Amino acid sequence: MQTLKIGARGSPLALAQAHETQARLMAAHGMPAEAFEVVVISTSGDRIQDRPLSEAGGKGLFTKEIEEALLAGAIDIAVHSSKDMPTVLPDGLELSAFLPREDARDAFIGKAAKRIVDLPQGSKVGSSSLRRQALIRRMRPDLDVVMFRGNVQTRLRKLEEGVAEGTILAHAGLRRLGLGHVVTDLMPLDAFPPAPGQGAIGIETRIGDSAVEQMLTAIHDVPTGQALACERAFLAALDGSCRTPIAGYATIADGTLTFAGLIISPDGTQSHEVKAEGPAQDAARIGMDAAKTVRAKAGETFFDGWV
């Protein structure tokens, strides 16, 4: 292999994640920077800015063109924010590695108040995530939740322009961009649980590309992979997409996986939680069983009529 081609979206965060992957591979294998090329790929999700992703086709809009390039051989690996990855991948592709997970919490950036609980009644809070919108409404039903699309910098600019009095973004992304200083409060995991996969960088490859897989083994973080296996199984069993507000977070300690999941109605008025734990090697089964448990609690009609 002359050059390892790393495919990613063109946003500053996506490029930061691609370069983090490159740096880890360089360190693990003693390779020079010249051995890599970051290939920027524009996705449908980047181009569609006038409506929610749930109306445009879901989270796969951020991966479709990158996966097409991977299947075509135009790139060798694809670097993604794991929370943007659909649970079903195209035939011939797999998630081969995860980098060590960053802080999975959501971060509040407030202009009118430092904490969301202190915002004046009727304040506007911007978010494009149905999960965040629902959790905001559950926490503060008096707030006006408005649609915020665009990359991190675009959303922060909208905040400065007064489009809203606050917004919520992934703490991990802000930290990777060196923007941790803009955070005015961190949302607690119990009251404001993250999206499955939040804070984790996932690396997608072609199935059977053994040379690439061998390279990635050196940078794969096993606990993150186990946590993500649980969270993605939970999401898959609930048919999770951008149209369904679902949260899920797994942690590993001393070989034991602990998981907390949540499903919530878009208006924030109904929610059901589930907790589970077991051996980390049973991560996918734990996630799947947790989904069955919470679906039984909620009833089969819980998701009806949302879209």
Side-chain angles (χ1 to χ4, degrees), residues 1-10 13-43 59-60 62-102 176 196-236 250 252 255 257 279-288:
M1 186 181 297
Q2 294 293 316
T3 306
L4 185 82
K5 294 184 177 180
I6 302 172
R9 295 163 56 199
L13 178 56
L15 293 176
Q17 293 177 160
H19 286 116
E20 180 178 338
T21 303
Q22 176 184 339
R24 288 181 181 273
L25 286 169
M26 289 169 60
H29 298 289
M31 299 170 73
E34 295 74 29
F36 301 87
E37 178 187 352
V38 174
V39 179
V40 174
I41 299 169
S42 175
T43 70
K59 61 175 67 177
F62 282 129
T63 60
K64 179 176 176 287
E65 287 85 355
I66 298 174
E67 289 173 330
E68 288 171 351
L70 187 56
L71 285 168
I75 56 175
D76 300 301
I77 65 174
V79 176
H80 304 281
S81 293
S82 295
K83 70 181 179 64
D84 291 337
M85 294 295 292
T87 53
V88 178
L89 303 182
D91 290 342
L93 300 183
E94 63 183 349
L95 279 166
S96 297
F98 295 94
L99 301 189
R101 193 176 208 164
E102 249 281 11
R176 288 190 175 111
Q198 186 159 310
I201 295 172
I203 304 172
E204 191 177 19
T205 64
R206 291 181 292 273
I207 294 173
D209 196 339
S210 56
V212 169
E213 288 175 11
Q214 193 170 2
M215 286 183 68
L216 293 175
T217 298
I219 65 169
H220 172 62
D221 186 68
V222 172
T224 300
Q226 291 171 327
L228 268 287
C230 177
E231 293 168 24
R232 286 177 60 78
F234 179 72
L235 195 62
I252 314 286
L257 181 147
Q281 62 264 31
D282 294 339
R285 179 191 59 77
I286 294 168
M288 200 175 306

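Residue numbers start at 1 and run along the sequence shown. Only a predicted model underlies this, so the values are computations on that prediction, with no experimental measurement involved. Any value given below was found using the heavy atoms of this structure, including those in side chains, with hydrogens, waters and symmetry copies removed.
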>> Give me the atom names and distance for the closest heavy-atom approach of Phe98 to His220.
In response: N-ND1, 3.1 Å
> Could you give the distance from OG1 (Thr21) to CD1 (Ile77), rounded to the nearest 0.5 Å?
Replying inline: 6.0 Å
> Do Asp84 and Arg9 touch side chain to side chain, with heavy atoms closer than 4.5 Å?
Replying inline: yes
>> Contact between Val212 and Leu4 at the side-chain level, heavy atoms closer than 4.5 Å - yes or no?
In response: yes
> Between Arg206 and Glu94, what is the shortest heavy-atom contact and its length?
Replying inline: O-OE2, 4.5 Å
> When rounded to the nearest 0.5 angstrom, what is the spacing between CD in Gln214 and NE2 in His29?
Replying inline: 8.0 Å
> Ser82 and Gly202: which non-hydrogen atoms are nearest, and at how many Å?
Replying inline: OG-N, 3.2 Å
>> Walk me through whether Asp76 and Thr3 qualify under side-chain contact (heavy atoms from CB on, under 4.5 Å).
In response: CA-CA 9 Å; Asp76 300 301; Thr3 306; over 6 Å; no
> Which of these passes side chain to side chain donor-acceptor pair (under 3.5 Å) with Ser96: Thr205, Thr217, Asp209?
Replying inline: Thr205
>> Rounded to the nearest 0.5 Å, what separates atom CZ in Phe36 from atom CE in Met31?
In response: 4.0 Å
>> Could you report the tightest heavy-atom contact between Gln281 and Gln226, atom names first, then the distance?
In response: N-NE2, 4.3 Å
> What are the two closest non-hydrogen atoms of Ile41 and Gly7, and how far apart are they?
Replying inline: CD1-CA, 4.4 Å
>> Which heavy atom of Ile286 sits nearest to which heavy atom of Pro279, and what is that distance?
In response: CD1-O, 3.6 Å
> CG/Leu99 to CZ/Arg24 distance, rounded to the nearest 0.5 angstrom?
Replying inline: 5.5 Å
>> So does Thr224 get a backbone contact from the side chain of Asp221, meaning a donor-acceptor N/O pair under 3.5 Å?
In response: yes
>> Whether Arg176 and Glu20 form a salt bridge (side-chain N of Lys/Arg under 4.0 Å from carboxylate O of Asp/Glu) is what I want to check.
In response: yes
> To the nearest 0.5 Å, how far apart are CD1 in Ile75 and CD in Glu68?
Replying inline: 10.5 Å
>> One pair to check against side-chain contact (heavy atoms from CB on, under 4.5 Å): Leu228 and Leu95. What are the steps and the verdict?
In response: CA-CA 10 Å; Leu228 268 287; Leu95 279 166; over 6 Å; no
> Could you walk me through whether Leu257 and Asp282 pass the side-chain contact (heavy atoms from CB on, under 4.5 Å) check?
Replying inline: CA-CA 8 Å; Leu257 181 147; Asp282 294 339; over 6 Å; no
> Distance-only, no hydrogens or angles: does the Thr87 side chain make a donor-acceptor pair with backbone N or O of Arg232 under 3.5 Å?
Replying inline: no
>> Are the side chains of Ile201 and Val79 in contact, using a 4.5 Å heavy-atom criterion?
In response: yes
>> Run Lys83 and Glu231 through side-chain contact (heavy atoms from CB on, under 4.5 Å) and show every step you take.
In response: CA-CA 10 Å; Lys83 70 181 179 64; Glu231 293 168 24; over 6 Å; no
>> I'd like to know if the side chain of His80 and the backbone of Glu204 have a donor-acceptor N/O pair within less than 3.5 Å.
In response: no
